[in-house]
2 protein chains.
Amino acid sequence: MYTETEENYLKAIYKIAQKQGESSINTKSIAEEMGTSAASVTDMIKRLSEKSLLQYEKYYGVSLTKEGQKIAVHLLRKHRLWEVFLHDKLNFTWVEVHEVAEQLEHVKSDLLIEKLDAFLGHPKFDPHGDPIPNSNGSFTFRNQIPLSNIREKNIRIHVLAVKQHDSSFLKHLDDLKIKPGEVFEIIQFTDYDKSMKLLTKNGDQIVITHKVADAILVRPQ
Amino acid sequence: MYTETEENYLKAIYKIAQKQGESSINTKSIAEEMGTSAASVTDMIKRLSEKSLLQYEKYYGVSLTKEGQKIAVHLLRKHRLWEVFLHDKLNFTWVEVHEVAEQLEHVKSDLLIEKLDAFLGHPKFDPHGDPIPNSNGSFTFRNQIPLSNIREKNIRIHVLAVKQHDSSFLKHLDDLKIKPGEVFEIIQFTDYDKSMKLLTKNGDQIVITHKVADAILVRPQ
DNA sequence: AATTTATTTTAGATTTGTCTAAAATTTATA
DNA sequence: TATAAATTTTAGACAAATCTAAAATAAATT
Ligand SMILES: [Mn+2]
Ligand SMILES: [Mn+2]
Ligand SMILES: [Mn+2]
Ligand SMILES: [Mn+2]
């Protein structure tokens with residue numbers, strides 16, 4: 001088995017690869033994601049390369065191997081299932097779940113995670129709307145676009161997910177009473193600052209900036 | 001906060017102290033409990049002593065301070081609550097729970113453990129019948145004696161707990177269909193080998209040896 | 001009381017994961 | 001294309017947790 005630190009590096013590299021879309025990940029971005037020094041990253045990269053979890057070309061960055069990806073995705077699965085547990089069963093808020101899931105994801109027991117999955121009713125998405133890979137590592141695909149992309153008024157908009165997970169953003173959404181599962185419609189676009197006014201299910205009107213609308217993923221219809 | 005290893009040492013020392021009833025714990029017994037060398041124990045003892053988690057007199061063993069005990073008891077609380085979760089909610093057997101709880105007990109979040117406790121309905125005992133300390137560290141006391149101590153026939157005997165937790169013993173009890181919560185009566189004592197014959201609730205007759213009867217804790221009546 | 005045996009500690013080494021500072025290499029800029 | 005800037009690697013050090021082997025001390029035995 002791999003150490004908690006090794007797992008965290010693999011997860012960090014996977015995340016960066018997802019974000020940038022490219023396969024080659026440089027040392028500095030890993031150092032930033034991990035909150036550590038470039039020198040430490042180089043050390044760890046060598047070890048993970050030894051173990052065939054990533055491919056490493058000196059001075060030109062790394063990319064995960066199939067095995068490295070598999071471990072990263074399995075970690076995501078565990079992380080997100082624990083988030084669902086904390087949110088749905090223990091009544092944690094979606095702001096609180098992440099920090100605890102960061103620890104729980106490293107508990108090693110396949111039986112545990114399969115039983116947890118069943119106990120939760122095989123959820124497909126976590127409290128932030130992120131997809132939960134199944135035990136084979138495949139994600140459920142869903143059509144979703146940033147709220148900021150929508151141009152039509154008076155259609156029902158379903159909130160599916162959020163792009164950012166930092167607590168300041170999530171708390172702001174809490175204030176606006178926006179979270180995955182909510183439905184609203186757009187009643188006004190303001191061209192000047194690209195803000196929009198929304199009408200929620202219970203009749204409230206809220207204004208959100210473009211910055212916020214860009215981080216909310218929705219299903220239009 | 002303390003490292004996982006430090007926590008495990010404190011737990012080991014607490015366990016040994018409970019078992020022997022004495023306060024002074026020697027290096028060798030800690031090494032055995034931890035599955036490590038005496039030299040490593042000496043190293044760790046010094047560190048824990050530095051941190052005022054135990055009192056250490058060179059060559060004469062250690063004893064936990066109030067703070068050290070507090071940490072050990074809190075770990076027991078977490079361990080046993082997780083065992084209840086795994087058993088009651090995820091349908092783990094009482095043989096399987098311990099290994100996973102050994103990992104889960106080190107997750108650091110007071111909110112988590114209080115919410116878990118509430119979710120489980122504030123259980124007072126774990127699947128092996130061991131008492132779960134409350135958040136102040138106090139245990140529920142219960143009158144219980146080894147089954148081997150009982151001399152009366154034809155009275156209802158309630159199984160409360162087991163003294164041993166190794167899987168070979170627990171699996172043997174599974175075969176006999178004995179576990180905490182079960183009720184039976186003794187229908188025969190055999191003086192020669194101190195074995196006894198029991199009559200279970202559903203009419204089965206089972207024979208258990210003295211060795212086994214000694215590790216089963218019951219409430220007579 | 002002297003000696004043997006058991007236990008405990010020390011000394012020195014190893015692995016993991018980290019750091020800072022310096023050297024090497026790549027990338028950007030003039 | 002030469003120089004400057006940014007990035008990456010190497011070198012050397014450190015803390016945590018472990019080991020083995022040797023030395024020190026305590027406990028048991030004759
Ligand atoms: Mn998360
Ligand atoms: Mn999430
Ligand atoms: Mn246990
Ligand atoms: Mn138990």
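Order of the sequence lines fixes the chain letters, A, B, ..., with proteins taken first and strands second; residue numbering starts at 1 for each chain.
For Asn26(B), the listed nucleotide lying nearest its side chain is dT8(C); candidates were dC19(D), dT8(C), dT9(D). The Lys46(A) side chain lies nearest to dT10(D) when the options are dT10(D), dT25(C), dT9(C). With dC19(D), dT18(C), dT9(C) as the candidates, the nucleotide lying closest to the side chain of Thr42(B) is dT9(C). Ranking dT7(C), dC19(C), dC19(D) by closeness to the Lys28(B) side chain, first place goes to dT7(C). The side chain of Ser37(B) lies closest to dC19(D) when the candidates are dT10(D), dT7(D), dC19(D). Nearest to the side-chain atoms of Thr5(A) among the listed nucleotides dT9(D), dT18(D), dT18(C) stands dT18(C).
One interatomic measurement links the two molecules: NZ of Lys51(A) to P of dT15(C), which rounds to 13 Å at whole-angstrom precision. For the pair Glu32(B) CD and dA6(C) P, the computed distance is 14 Å after rounding to whole Å. Spacing between atom CG of Asp43(A) and atom P of dT15(C) amounts to 15 Å, rounded to whole angstrom units. Atom OH of Tyr56(A) and atom C1' of dT10(D) are 10 Å apart (whole Å). What separates NZ of Lys58(A) from C1' of dT9(D) is a distance of 7 Å, to the nearest Å. Rounded to whole Å, atom P of dT25(C) lies 15 Å from atom CD of Glu57(A). Put simply, CD on Glu7(A) is 15 Å from C1' on dT16(C), counting in whole angstrom units. One atom, CD1 of Ile45(A), and another, P of dT10(D), lie 11 Å apart when rounded to the nearest Å.
Atom NZ of Lys108(B) is surrounded by more than 12 heavy atoms from other residues, nucleotides or ligands within 6.0 Å. Counting non-hydrogen atoms of neighbouring residues, nucleotides and ligands closer than 6.0 angstrom, the NZ atom of Lys51(A) exceeds 12 such neighbours.
Phosphate proximity of dC19(C) to Thr36(A): present, with a side-chain N or O under 4.0 Å from OP1 or OP2. Between Ser40(B) and dC19(D) there is a side-chain N or O to OP1 or OP2 distance below 4.0 Å. Side-chain N/O atoms of Tyr59(B) include none lying less than 4.0 angstrom from OP1 or OP2 on dA6(C). Look at Tyr9(A) and you'll find a side-chain N or O under 4.0 angstrom from OP1 or OP2 of dT18(C).
Under the 6.0 Å cut-off for aromatic ring centres, His79(A) and His98(A) qualify, their centroids lying closer than that.
The nucleotide dA27(D) finds its pairing partner in dT4(C), both defining distances of the Watson-Crick or G-U wobble pair being shorter than 3.5 Å.
Ionic pairing of Lys11(B) and Glu33(B) is not present here: no N-O contact between side-chain nitrogen and carboxylate oxygen is shorter than 4.0 angstrom.
A residue-by-residue look at Met34(A) and Tyr60(B) shows that Tyr60(B) has its nearest nucleotide of DNA chain C further toward the 5' end.
Residues Thr5(A) and Asn8(A) bring no donor and acceptor atom of their side chains to less than 3.5 Å of each other.
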